[in-house]
Undergrad: 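Could you have a look at this structure, given as structure tokens, before my questions?
The analysis underlying the following values was restricted to heavy atoms, covering all of them including side chains, and did not include hydrogens, waters or symmetry mates.
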Amino acid sequence: VQLQASGGGLVQAGGSLRLSCVASGRTASSYAMGWFRQAPGKEREFVSNINWSGGITYYADSAKGRFTISRDNAKNTVYLQMNSLKPEDTAVYYCAADRSFVFRAYEYHYWGQGTLVTVSS
């Protein structure tokens with residue numbers, strides 16, 4: 001599975017962005033997907049994940065109530081809608097995929113290249 005993330009950019013605090021992650025491969029829709037982020041000088045951290053059907057989702061406390069993960073299996077695409085963005089959300093955001101529904105970065109076998117989100121105050 002190959003992953004291509006996009007949708008990052010520069011936004012003011014309080015604004016919104018939608019990240020997309022397109023997965024290639026004929027079985028891509030059967031993979032669980034996750035979003036992680038890494039700020040400068042910090043470790044990569046979990047943001048959200050979604051199971052293969054979209055019926056189960058989890059969020060980091062920092063994302064709850066502001067971010068929404070979803071997927072369109074017909075398009076092999078996972079989205080992360082981010083609202084009410086804060087300067088502390090500034091990071092490179094990565095999508096990841098795995099056959100299992102997992103939470104830790106080291107458990108994911110496939111990674112996208114990352115997309116930069118910058119939130120100005």
Undergrad: Who pairs with Q113 by side-chain contact (heavy atoms from CB on, under 4.5 Å), at least two apart in sequence or on another chain?
TA: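 Q113 satisfies side-chain contact (heavy atoms from CB on, under 4.5 Å) with Q4, A5 once adjacent residues are dropped.
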
Undergrad: Once side-chain contact (heavy atoms from CB on, under 4.5 Å) is applied, do any residues pair with K64, and if so which ones, sequence neighbours excluded?
TA: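 Checked K64 against side-chain contact (heavy atoms from CB on, under 4.5 Å); matches are Y59, D61.
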
Undergrad: Run the side-chain contact (heavy atoms from CB on, under 4.5 Å) test against T77 and tell me which residues pass, sequence neighbours left out.
TA: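 Expected list: S20, V22, K75, Y79.
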
Undergrad: Enumerate the residue pairs fulfilling disulfide (SG to SG under 2.5 Å) with a member in residues 74-121, sequence neighbours excluded, ordered by first and then second residue.
TA: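 Listed by first then second residue: C21-C95.
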
Undergrad: Could you measure the distance from the CZ atom of R66 to the OG atom of S84? Nearest 0.5 Å is fine.
TA: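 R66 CZ to S84 OG: 7.0 Å, rounded to 0.5 Å.
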
Undergrad: When rounded to the nearest 0.5 angstrom, what distance separates OG in S62 from CG in D89?
TA: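 One gets 7.0 Å once the value is rounded to the nearest 0.5 Å.
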
Undergrad: If hydrophobic clusters are built from ILVMFWY residues whose side chains come within less than 4.5 Å, do V47 and L85 share one?
TA: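 Yes; tracing contacts between hydrophobic side chains, which count when under 4.5 Å, links both residues.
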
Undergrad: Donor-acceptor pair, distance only, cut-off 3.5 Å: does the side chain of R71 make one with the backbone of W52?
TA: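 At least one qualifying donor-acceptor pair exists.
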
Undergrad: Roughly how far apart are S48 OG and L80 CG, rounded to 0.5 Å?
TA: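 Atom-to-atom, S48:OG and L80:CG are 6.0 Å apart.
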
Undergrad: Does F36 sit in a hydrophobic cluster with other residues, and if so which ones, taking ILVMFWY side chains as linked at heavy-atom separations under 4.5 Å, directly or through other members?
TA: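 Members besides F36, by chain and number: F46, I56, Y58, V92, Y94, F101, V102, F103, Y108, W111, L116.
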
Undergrad: Under the salt bridge (charged side-chain N to carboxylate O under 4.0 Å, His left out) definition, can you give me all pairs with a residue in residues 41-55, not counting sequence neighbours?
TA: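 Non-adjacent pairs meeting salt bridge (charged side-chain N to carboxylate O under 4.0 Å, His left out): R37-E45.
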
Undergrad: I50 versus V78: any side-chain heavy-atom pair under 4.5 Å?
TA: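 The answer is yes, as the side chains (C-beta and beyond) meet within the 4.5 Å cut-off.
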
Undergrad: Report the residues that fulfil side chain to side chain donor-acceptor pair (under 3.5 Å) with T68, sequence neighbours left out, ordered by chain and then residue number.
TA: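 With neighbours one apart ignored, the set is empty.
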
Undergrad: Taking side-chain contact (heavy atoms from CB on, under 4.5 Å) as the test, write out the residues that go with V117, two or more places apart.
TA: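 For V117, the residues satisfying side-chain contact (heavy atoms from CB on, under 4.5 Å) (neighbours in sequence not counted) are L17, L19, M82, Y93, V119.
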
Undergrad: For S16, give me all partners under side chain to side chain donor-acceptor pair (under 3.5 Å), at least two apart in sequence or on another chain.
TA: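 Here the qualifying residues are N83.
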
Undergrad: Do side-chain atoms of N51 reach the backbone of G54 as a donor and acceptor pair under 3.5 angstrom?
TA: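 Side chain of N51 to backbone of G54: a pair is present.
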
Undergrad: Provide the full list of ring-ring contact (aromatic ring centres under 6.0 Å, His included) pairs with a residue in residues 6-26, sequence neighbours left out, each pair given once.
TA: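 Passing the test, one end in residues 6-26: no pairs.
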
Undergrad: Return yes if some donor-acceptor pair links the side-chain N/O of D98 with the main-chain N/O of H109 below 3.5 Å, else return no.
TA: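 Checking the backbone N and O of H109 against the side chain of D98, a donor-acceptor pair under 3.5 Å is found.
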
Undergrad: Measure across A23 and L3 and return the closest heavy-atom pair with its distance rounded to 0.1 Å.
TA: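 Scanning both residues completely, I find the closest heavy atoms to be CB-CD2, 3.6 Å.
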
Undergrad: Cut-off 3.5 Å, no hydrogens considered: what does the side-chain donor-acceptor table look like for residues 28-35, sequence neighbours left out?
TA:
{"from": "S30", "atom 1": "OG", "to": "T27", "atom 2": "O", "distance (Å)": "2.6"}
{"from": "Y31", "atom 1": "OH", "to": "R99", "atom 2": "NE", "distance (Å)": "3.4"}
{"from": "Y31", "atom 1": "OH", "to": "R99", "atom 2": "NH2", "distance (Å)": "3.4"}

